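Take a look at the structure below.
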Amino acid sequence: MKDQLLSLFEQAIAQLKTDKVVPVEHEVNVQFERTRQKDHGDFATNVAMTLAKPARRNPRELAELIVAALPQDSLITKVDIAGPGFINLFLAQDARYSVLSTVFAQGDVYGLGEPNSKQKIMVEFVSANPTGPLHVGHGRGAAYGDALARILTAAGNTVEREYYVNDAGRQMDILAVSVWIRYLQANDVAIELPDNCYKGDYVVGMGQQLQQQHGATYLVPSEQLEQACAGLELEEALDAIISLAKNQLGTEGFDVFFALALNSILDDIRQDLSEFGVDYDTWFSERSLFDSGKIQRAIEKLKASGDVYDKDGALWFKTTDYGDEKDRVVVRDNGQPTYFASDIAYHMDKLERGFDLAINVWGSDHHGYIPRVKASLQALGLDSDKLKVLLVQFAVLYRGGEKVGMSTRSGEFVTLRELRDEVGSDAARFFYAQRKSEQHMDFDLDLAKSQSNDNPMYYVQYAHARICRIFDTAAEREIDTSDIANANFAELDSDHESTLLTLLQRFPEIVQTAANNYEPHQITYYLRDLATAFHSYYNTVKFLEAETAQRNAMLALSHACRQVLKNGLGIIGVGAPNSM
RNA sequence: GUGCCCGUAGCUCAACUGGAUAGAGCAACGGCCUUCUAAGCCGUAGGUUACAGGUUCGAGUCCUGUCGGGCGCGCCA
């Protein structure tokens, strides 16, 4: 549609160039937009305004010249010049009806791009540390990342979803020790769980499970623990307990706790996300980067390129050469690589896997981290533009007007599962997907739970279910709907009908812009608009009681609406029920 | 202190990425069920887009400053 209009305007402007109204060398970029108001026609363009200066004419005068030079075409019935120099285009009715045939012909793929016709894209999202269940804060990243992946797929890209598992580092040792202490408690050892351990109930359960499996095999007297921590500050005491556990239990013994904690939490996360409608292609282990030597390889490459230097016994990466605020440590003075070292290797590996684009969906608290990751890719000779980091603002949770804490260690948080149980996965997804990712967001748990019916998702689904009901009733009344695709669409001449036709026509454009801008919320707003237009239409007339020709045309339009509602809901990962 | 993000109706958010008279949903008020689902429809009310300048045909959107909020600024992950 837009392409046709574009070619008409390009012809007109070429004409103006030969007439020397517009400087020949001036590059002209014609842009069309859907109008907001009906009396502005279907499309509008501002070319006359953008060309006014180079052509040294006032915009309205220029608009008249453009319109005069516009070739005749059956697509357009009327052209207006309005306001400061907008050119408004009114489409012919036939052009509006064509969308119905298209929807009938394409069905479930209407609005979607040619599959696998574009880029190969990886979307990495959630990637929460496997130290506890996902909380509602992760829910936003999950809903956003998955909707984004679906939208990019819908737009014609080939998409892989990846979860980066941070299964290395001190946090995991703390988790293992937390489980161990709960295990000791289950064995009636008199010991308190330190404040800086993981305090969630799930840790208690894991301790009890290991107590049942292994009995007293891994006991250490509480006096030894007290002795190890004596006189130490909180974090240092915790490190002392970790060393003690590793020494006393040995690598294998410690790994019993470590492995159980990691595996059961990861299983829980995987299942949780799957029930949320989010399934990954790959779960990428941070530890595998050590085992495969990729971290070592990345460091060697940086050494070879001269981007690292020694200072204070540690190995530093000169990220300031690439615009970072300060240089960063890659290998600590104790020989241990930092988390940053893992991330360098991880992102190197990611780009080497051959994606045209790698998208990271990160919580906004990681924004300071972007320059150094980009720096590392550049230093490694990779194209850092292929990495796109999208930030998702954390939702601030409220319960009873009070802010709710979200710390995993303290154990005070609302889990994603809890939210799903209360409001349902679909409603939760829709709620999250409604918000632009960088927008700060207040999440009132009481509201989300108690008034789940106010979720706009139900409004959209209801439109879908209503249409299904119409067809069910038609079948009960033995009304033949098998040939509605060939109805006389010219019957559809009311305002409601033309609004709906325009909306249906816009759907493919919405999918593309949502994909180009990484904005799933555009789909939700579009669906709400479509549902509103349909509900309104529904209330004006009884479809099944109209005379045959009109009835079939209205049913055709309804069918197309149902199809697009279904396709759109699918794109954000929400179901389209046939009845409610 | 400094860097990034944000500030739009009473509340939660949009605004086609610089376009025409800033729009929805909750909440409030008034109407509409004997008919294909009232989880719906129709209407009323609600705004100096935090504030002050600037850029241009045109600014909620871009630039500068001020105020207010969130986050970051580790040899943590």
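From a predicted model like this one, the values you see are computed outputs, not experimental measurements. Below, read A as the first sequence line, B as the second, and so on, with proteins coming before strands; counting in each chain starts at 1.
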Practice item. Determine, for nucleotides 71-77 of chain B in 5'-to-3' order, which nucleotides have protein heavy atoms under 4.0 Å from the base (write B), from only the sugar-phosphate (write S), or from neither (write -). Key: BS-SBSB
Review point. What does nucleotides 14-19 of chain B look like as a protein-contact string, B for base, S for sugar-phosphate only, - for none, at under 4.0 angstrom between heavy atoms?
Key: SSBB-B
NA contact type, [X], heavy-atom cut-off 4.0 Å: base, sugar-phosphate, or nothing?
X	answer
A:A463	nothing
A:F543	base
A:S342	nothing
A:Q336	nothing
A:F471	nothing
A:D80	nothing
A:E545	base
A:V541	base

[M] and [N], which share atom name [atom1], separated by this distance in whole Å:
N	M	atom1	value
B:G25	B:U66	P	39 Å
B:U44	B:G7	C1'	29 Å
B:G10	B:G46	C1'	9 Å
B:G58	B:C5	P	27 Å
B:A52	B:U17	P	28 Å
B:G23	B:G65	C1'	31 Å
B:U64	B:A28	P	44 Å
B:A15	B:C33	P	38 Å

Exercise for review: Please find out if less than 6.0 Å separates the ring center of A:Y164 from that of A:Y346.
Suggested key: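 So the answer is yes for these two rings.
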Point to revise | Centroid-centroid under 6.0 Å between A:H535 and A:Y459 rings | key: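 Ring-ring flag for A:H535/A:Y459: true, centres closer than 6.0 Å.
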Practice item. Mind checking ring-ring contact (aromatic ring centres under 6.0 Å, His included) for A:F125 and listing every partner two or more places apart, or none if nothing turns up? Key: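 With sequence neighbours excluded, A:F125 shows a ring-ring contact (aromatic ring centres under 6.0 Å, His included) to A:Y280, given in chain and number order.
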[N] [atom2] sits how many Å from [X] [atom1], rounded?
X	N	atom1	atom2	result
A:N539	B:A39	CG	C1'	13 Å
A:N552	B:C36	CG	P	19 Å
A:R528	B:A39	CZ	C1'	12 Å
A:Y538	B:A39	OH	C1'	12 Å
A:L62	B:C57	CG	P	14 Å
A:F430	B:G25	CZ	P	13 Å
A:M457	B:G40	CE	P	12 Å
A:N578	B:C36	CG	P	19 Å

Between [X] and [Y], is there a side-chain N and carboxylate O pair less than 4.0 Å apart?
X	Y	value
A:K294	A:E286	no
A:K318	A:D307	no
A:K350	A:E124	yes
A:K311	A:D327	no

Practice item. Go through the side-chain N and O atoms of A:Q522 and A:E519 and say whether any donor and acceptor fall under 3.5 Å apart. Key: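 Checked: A:Q522/A:E519 side chains pair up, N/O donor to acceptor below 3.5 Å.
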Check your understanding: For A:Y537, what residues pass the side-chain hydrogen bond (donor to acceptor under 3.5 Å, both in side chains) criterion, not counting sequence neighbours?
Key ->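 A:Y537: side-chain hydrogen bond (donor to acceptor under 3.5 Å, both in side chains) contacts with A:E497.
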Practice item. Nearest-nucleotide wise, let me know which of A:P59 and A:A82 is further upstream toward the 5' end of RNA chain B. Key: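 By nearest-heavy-atom nucleotide position, the 5'-most residue is A:A82.
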Practice item. Please work out which of the three classes, parallel, tilted or perpendicular, describes the rings of A:W362 and A:H366, given edges at 30° and 60°. Key: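 The arrangement is tilted - the two ring planes meet at 30° to 60°.
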Review point. Taking the six-membered ring for Trp, are A:W283 and A:Y163 parallel (under 30°), tilted (30 to 60°) or perpendicular (over 60°)?
Key: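 Aromatic pair A:W283/A:Y163 classed parallel.
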Donor-acceptor check, side chain of [X] to backbone of [Y], threshold 3.5 angstrom: yes or no?
X	Y	answer
A:N334	A:Q336	yes
A:D480	A:S482	yes
A:N552	A:A487	no
A:S536	A:T532	no
A:H464	A:P577	yes

Check your understanding: Can B:U66 be described as syn, meaning its chi torsion is within 90° of 0, or is it anti?
Key ->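 Chi for B:U66 falls in the anti range.
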Check your understanding: Which label fits B:C4, syn or anti, where anti is any glycosidic angle not within 90° of 0?
Key ->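 Anti for B:C4; the angle lies over 90° from 0.
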For nucleotides 42-45 of chain B, tabulate all protein N/O to nucleotide N/O atom pairs closer than 3.5 Å, reporting atom names and distance.
unit_1 : atom_1 : unit_2 : atom_2 : d
B:C42  : OP1    : A:S536 : OG     : 2.8

Check your understanding: How is the base pairing of RNA chain B summarised as a dot-bracket string, given the Watson-Crick and G-U wobble criteria with both distances under 3.5 Å, [ ] for crossing and | for another strand?
Key -> (((((((..((((.....[...)))).(((((.......))))).....(((((..]....))))))))))))....
